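Just so we're clear, the structure is a prediction, and the values are computed from it rather than from any experiment.
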Amino acid sequence: AVPEPKRLSARVPPPHPPPLCVRSGAGRAGQRTVIRRASAMSARMTAARRRPNVATASPDMDPARPFHHLAHPSTPVRMTPPSGSATPRSTLGSPLSSHALVRRPGGGDVAAGRRRRISLSEVEILPWLCCMTPAISLFGIYGLLCFSSIFCARLFDMVTAMITFASMLWVSNLAFSSLRGAYKLREAGEVDWNSLLEDLQNKDPTANDVMHIVLLPNYKESEPMLKETLENLGRSPMARSRTRVVLAMEAREGPQGREKADRLIAGTQHLFADVFATYHPENLPAEVAGKSSNTQWAYREALRHIGPILMQCDLSRVFVTVGDADTLWHPHYLSALTYQGLMMSAEERVWTIWQPPVLLMRNILSVPMMTQASSHATTIFEMAGLANQKFWPAFAYSTYSVTLALASHPEVDGWDADVIAEDHHMFCKCYFAALWDSAHSALSDGQKKQKVDTSMIRPQTVVQPIWLPAVCFLVESPDGYIASHWARFQQARRHSQGIVELGYVLLQYARLTRYTGFFELPFRTHGSILSIVFKMHTLHITSPGQGFAVVVGLLTRILPLVAKWILVGGFLELLSQQSIAEFAWRMVGEQWKGLSFAQVVMGAALGNLSSVAVLFSVCAYIVMLPQIDGRYYKPRFFLPRSEMTPVAEGDESSVQDSAANPDESDDPDAQKDKRDDGLPSFVLGPQTLCQKIVIFHNILFGTSVLGYPTLLVYAVIPGILAGWSLLRRGTQFDYVVAVKPE
C-alpha cells in the first residue's frame, strides 16, 4: 500500500475557504514555493479566463494549467488555451499528476518519457484496422447469415444455432445475476449510510477530509428538470459543506443557456458549498460534440475554478461524480461513496470507479410498451454486471464516480473529447491506465536491475457497486406515441455508436503487448482483457445478431413454408379437423422428427429463452416495485424539502432558522409536483394487489411478446447504421440528442 502523503502547511491561505481536506504535497523540494505561486496566481487566472483568444502563455502565467509546476521536471508541458480556441487532443500529463498517490517508482516517470494518448483517430494503419474491426465483424456475421439462408440452409442453421446458444447462456447468466443484484439493492436501501460515515468520522477525524465535485453535462435540457436534479442532490447530508456542483453547459445554446444557468445557480446555490457553470465552446478542432467533450471542458474549468483549494488536498479523497441532467441520486449516495472510499486504502481508492445501479424508471408508466421493454433489458444488464464480475468486469454507465487522483493520472488525463460513449470509454481508459502504469514501472526498474519482471502487470481498476439507485428518465416526446418511438430510436442510435469502443480496447491491447511483449504479459491479464472484448462483442454484435438471424430465418425459411402450406390446402385441412389442437400438435411432432441436429439445438434454445423471459420479468418486477412504492427511500435518513435552508460555505450548522429559502415560489404550477416529505416525484406509495398484477403483466408482456421487436428496432437497426457509419466515416460520429420529458 502506498503511504499517505505528508501534510504540508501553506504560508499564504487560499483565496476561497478550503474544505476540510488533507493538506498534502508531492514530497519534492520547492512545494511551498509552488503553493505560494498558485495563491498569487488566482487573480491572474480569473482575468486570463476572460480573454477569449489566448492560445499560449508563459509557464508562470498559464491559466489553464495552474498546477503544471508540480509536474515531473523532465516532463514537457503543453499549454491548454483557456477558452475560444482548441483544446489539445493530447496532453503530456495532468496538472494535478504530481499529487496522484500512484506514481512510477524510481525513474519510471523519466523512463516513460512523453505520454502518448492512444486514440482511434490516429492516422496510422493499426488504429484504422482496430477501428474497422467491429464493423467488419458485424457485417461479416450478418452477411454470412443472409448468404447461407439463401444458398446453404445447413450452414445457416448451424450459425444460427451457435449464436442462439451463446445468447441463451448470456441472458441466463444476466437473469440469475440480476436477482442477486435486486437483493443487494433492497438490502442497501435499509442502511443509514450517513450514520455509518459519522461514526467513522468520530473515530477518525481525517475522515472529514473529503470533497465532492459533481459534473452535470447537459445540452438544451429542461430547466425544471435540471432544477429538480440539483434540489435532489442538495438533499444529501454532504451537499452543503463538501459538494461543489459544475453545470456543464454548451455555449451553442446561446444567451438562453447562460440565462438558464444563472437562474439555476441563483435558485440552488444555498444547497451546496459551491455551484458554478462552464460553457463548452462549439466547433473545437479534434472534438466530437457530446457528453464526453463537454465533461472534459467542465473538468478542466473546475480545476481552474477551485485550483487553490485542490492544491492542499489529497486527491484520492476528492471524488468526481459525473451524471446526466435528469439523474436523481439517492440522498445517501455521496455518504455511501465517501464511506466505502475511506474504508479502502489510498491505492485502492485511486484505481476504483464507483457505480450505482441506473434505473430508467422516472416515467416508465407513461412511455410506450417497447420503450418499457428496453428499460427492463437495460436494468437487467446493469444489475447483473454489478452483481457478478467473476466472468467479465462491469462497465461504468451514465452515472459514476472516480477520485481526482484517477481522473488526473497522467495515463488518464480526464475525458477524451473525440468519443461518444463517454462512460464505457472512460472505464476502458482507466483500466488500461493501470496496466500502462505497471508496465512503465516494471520496464524502468528492469533496466536498472537488468531483469524485467512483468508479473506485476495485472488489472487494478475495478468497478465498485454502490447499491443505491440513480433514477433517470426514459426518452419520451410530448408530440405523442409515434414521436416517442422515434425519440427512443434516436437514442438507440447514439448508444449503438459505442460499438467503436471494441476497437479502442483492441488498440490498447495491441499497443500494450507490443510494448511489453505478448508472452511477457501474465495469463490473467490476457484473460481479463479478452473478457472485456467478449462482453463488448456480445453486447453490440452477438446478441443483436441472434435477433437478426431470427428475422432472416423468418423471412427466408418460415414464411415461404407457411405460404406454400396454405397454397396446397393445409390451412383448409386444419379447419376441417374436429380437434384442431390435436391435429396441430401431430403436425409439429412430425416436423420436429425431420429437423437436423442444428435445428433441434436452435429450437431448444429458443424454447429456453421463453423461460428466461419469465425470469427476466420477475427480476424487473422485484427492482421496479420498491422504486414505485418508495421502499428504496427512507425519509428519516435525509432532510425533507422543508428543512433545506440556505447555509454559507464552511458553516456546518444543521439548520439556519432565520434564512429564507430562495427556492420558494408563489407560482402554483412550480410547486404542484414538490413534496414536503422529500421523496422523489415518481414515488407513488404502496400499491394494491390489482396494481401489482398490472405492473407484472406489463413487464411480462413487454419482455416475452415485444422482446424480439424491441431488439430489432432498438438494437439491430441502430447497430447496422452505426457499423455503416464506422466503415464510411471512422470515428466521426454525429451526437444524436433524444427528447426527454419536460
Side-chain angles (χ1 to χ4, degrees), residues 87 89 117-122 127-128 130-135 138 215-221 248 250 252 280 282-299 322-327 358 360 374 378 381 395-400 412 414-431 472 475 487-508 532 535-537 539-541 544 714-715 717-740:
T87 300
R89 291 176 56 187
R117 175 175 172 269
I118 297 178
S119 172
L120 291 174
S121 301
E122 299 172 26
W128 181 82
C130 293
C131 183
M132 295 297 108
T133 298
L138 175 72
L215 306 179
L216 291 176
N218 65 95
Y219 175 59
K220 291 186 177 180
E221 299 287 0
E250 290 283 357
R252 62 181 183 269
H280 177 220
E282 60 180 330
N283 300 324
L284 293 181
E287 281 195 3
V288 175
K291 182 180 177 182
S292 189
S293 57
N294 192 2
T295 301
Q296 174 67 356
W297 183 270
Y299 164 71
V322 179
D324 291 337
D326 60 336
T327 302
V358 178
L360 306 176
S374 66
T378 302
F381 176 77
F395 296 159
Y397 173 65
S398 179
T399 298
Y400 53 93
V412 179
W415 286 256
D416 288 346
D418 60 347
V419 299
I420 294 293
E422 142 273 341
D423 40 16
H424 287 187
H425 185 86
M426 186 62 174
F427 163 77
C428 295
K429 188 164 70 164
C430 293
Y431 181 90
C472 301
V475 290
R488 178 64 185 92
F489 177 76
Q490 293 291 92
Q491 185 189 51
R493 283 183 55 200
R494 184 178 76 242
H495 292 170
S496 296
Q497 291 169 353
I499 190 176
V500 73
E501 296 306 316
L502 175 58
Y504 176 74
V505 173
L506 294 176
L507 177 61
Q508 285 272 18
I532 298 177
K535 183 174 181 177
M536 286 190 170
H537 192 280
L539 176 63
H540 291 286
I541 299 176
Y714 296 149
I717 297 177
I720 293 175
L721 295 177
W724 179 247
S725 177
L726 193 60
L727 286 177
R728 292 180 58 248
R729 303 170 57 192
T731 59
Q732 298 300 317
F733 288 112
D734 293 326
Y735 189 83
V736 183
V737 180
V739 181
K740 294 180 181 179

| task | Using modelled atom types only, decide if a donor and an acceptor are shared between the side chain of Ser496 and the backbone of Ala492 within a distance under 3.5 Å. | result | yes
| request: Could you grab the distance from atom CG of Leu539 to atom CZ of Phe381, nearest 0.5 Å is fine? | output: 4.5 Å
| query | Checking side chain to side chain contact (heavy atoms under 4.5 Å, CB included) for the pair Tyr219/Arg252: CA distance, chi angles, key distance, verdict? | reply | CA-CA 9 Å; Tyr219 175 59; Arg252 62 181 183 269; 3.4 Å; yes
| said: Are the side chains of Arg488 and Ser374 in contact, using a 4.5 Å heavy-atom criterion? | reply: yes
| task | Test side chain to side chain contact (heavy atoms under 4.5 Å, CB included) on Ile420 and His425 and set out the steps. | result | CA-CA 8 Å; Ile420 294 293; His425 185 86; over 6 Å; no
| query | With a 4.5 Å limit on heavy-atom distance, are the side chains of Val500 and Leu120 in contact? | reply | yes
| How about Asp324 and Thr399: does a side-chain donor come under 3.5 Å of a side-chain acceptor? | no
| field | Any side-chain heavy-atom pair of Ser119 and Asp416 under 4.5 Å | value | no
| task | Please report the shortest heavy-atom distance between Ala421 and Gly498, naming the atom on each side. | result | CB-CA, 3.8 Å
| Just wondering, do Ile499 and Met536 contact through their side chains at under 4.5 Å, heavy atoms? | no
| task | Using the side chain to side chain contact (heavy atoms under 4.5 Å, CB included) rule, take Phe489 and Ile717 through it: C-alpha gap first, then chi angles, then the decisive distance, then the call. | result | CA-CA 9 Å; Phe489 177 76; Ile717 297 177; 3.9 Å; yes
| message | I'd like to know if the side chain of Arg494 pairs up with that of Gln497 as donor and acceptor (distance under 3.5 Å, no hydrogens or angles considered). | response | no
| request: Apply side-chain hydrogen bond (donor to acceptor under 3.5 Å, both in side chains) to the pair His280 and Glu287, showing each step before the final yes or no. | output: CA-CA 11 Å; His280 177 220; Glu287 281 195 3; 2.8 Å; yes
| Pairwise side-chain contact, Glu221 with Asp326, heavy-atom cut-off 4.5 Å (strictly under) | no
| task | Compute whether any side-chain donor of one residue and acceptor of the other, for His424 and Glu501, lie under 3.5 angstrom apart. | result | no
| message | Would you compute the distance between atom CE of Met426 and atom CD of Gln296 and round it to the nearest 0.5 angstrom? | response | 8.5 Å
| field | Closest heavy-atom pair and its distance - Leu138, Gly723 | value | CD2-CA, 4.1 Å
| Roughly how far, to the nearest 0.5 Å, is the CG atom of Leu502 from the NZ atom of Lys535? | 13.5 Å
| said: Using only atom types and a distance under 3.5 Å, with no angle test, would you say the side chain of Lys429 pairs donor to acceptor with the backbone of Gly414? | reply: yes
| said: One pair to check against side-chain hydrogen bond (donor to acceptor under 3.5 Å, both in side chains): Ser398 and Asp423. What are the steps and the verdict? | reply: CA-CA 6 Å; Ser398 179; Asp423 40 16; 5.6 Å; no
| said: What I'd like to find out is whether the side chain of Trp415 reaches to under 4.5 Å of the side chain of Asn294, using heavy atoms alone. | reply: no
| task | Taking the side chain as every heavy atom from C-beta outward, state whether Trp128 and Leu507 have any pair of such atoms under 4.5 Å apart. | result | no
| task | Using a 4.5 Å cut-off on heavy atoms from C-beta on, say whether the side chain of Leu284 contacts that of Ser293. | result | no
| Tyr714 OH to Gln490 CD distance, which is reported to the nearest 0.5 Å | 11.0 Å
| message | Which heavy atom of Leu726 sits nearest to which heavy atom of Cys131, and what is that distance? | response | CD2-O, 3.2 Å
| task | Quick one: closest heavy-atom pair of Ser121 and Asp418, and the distance? | result | OG-OD2, 3.1 Å
| field | CZ-CD distance between Phe427 and Glu422, expressed to the nearest 0.5 angstrom | value | 14.0 Å
| field | Residues Tyr504, Val419; criterion side chain to side chain contact (heavy atoms under 4.5 Å, CB included); working and verdict | value | CA-CA 10 Å; Tyr504 176 74; Val419 299; over 6 Å; no
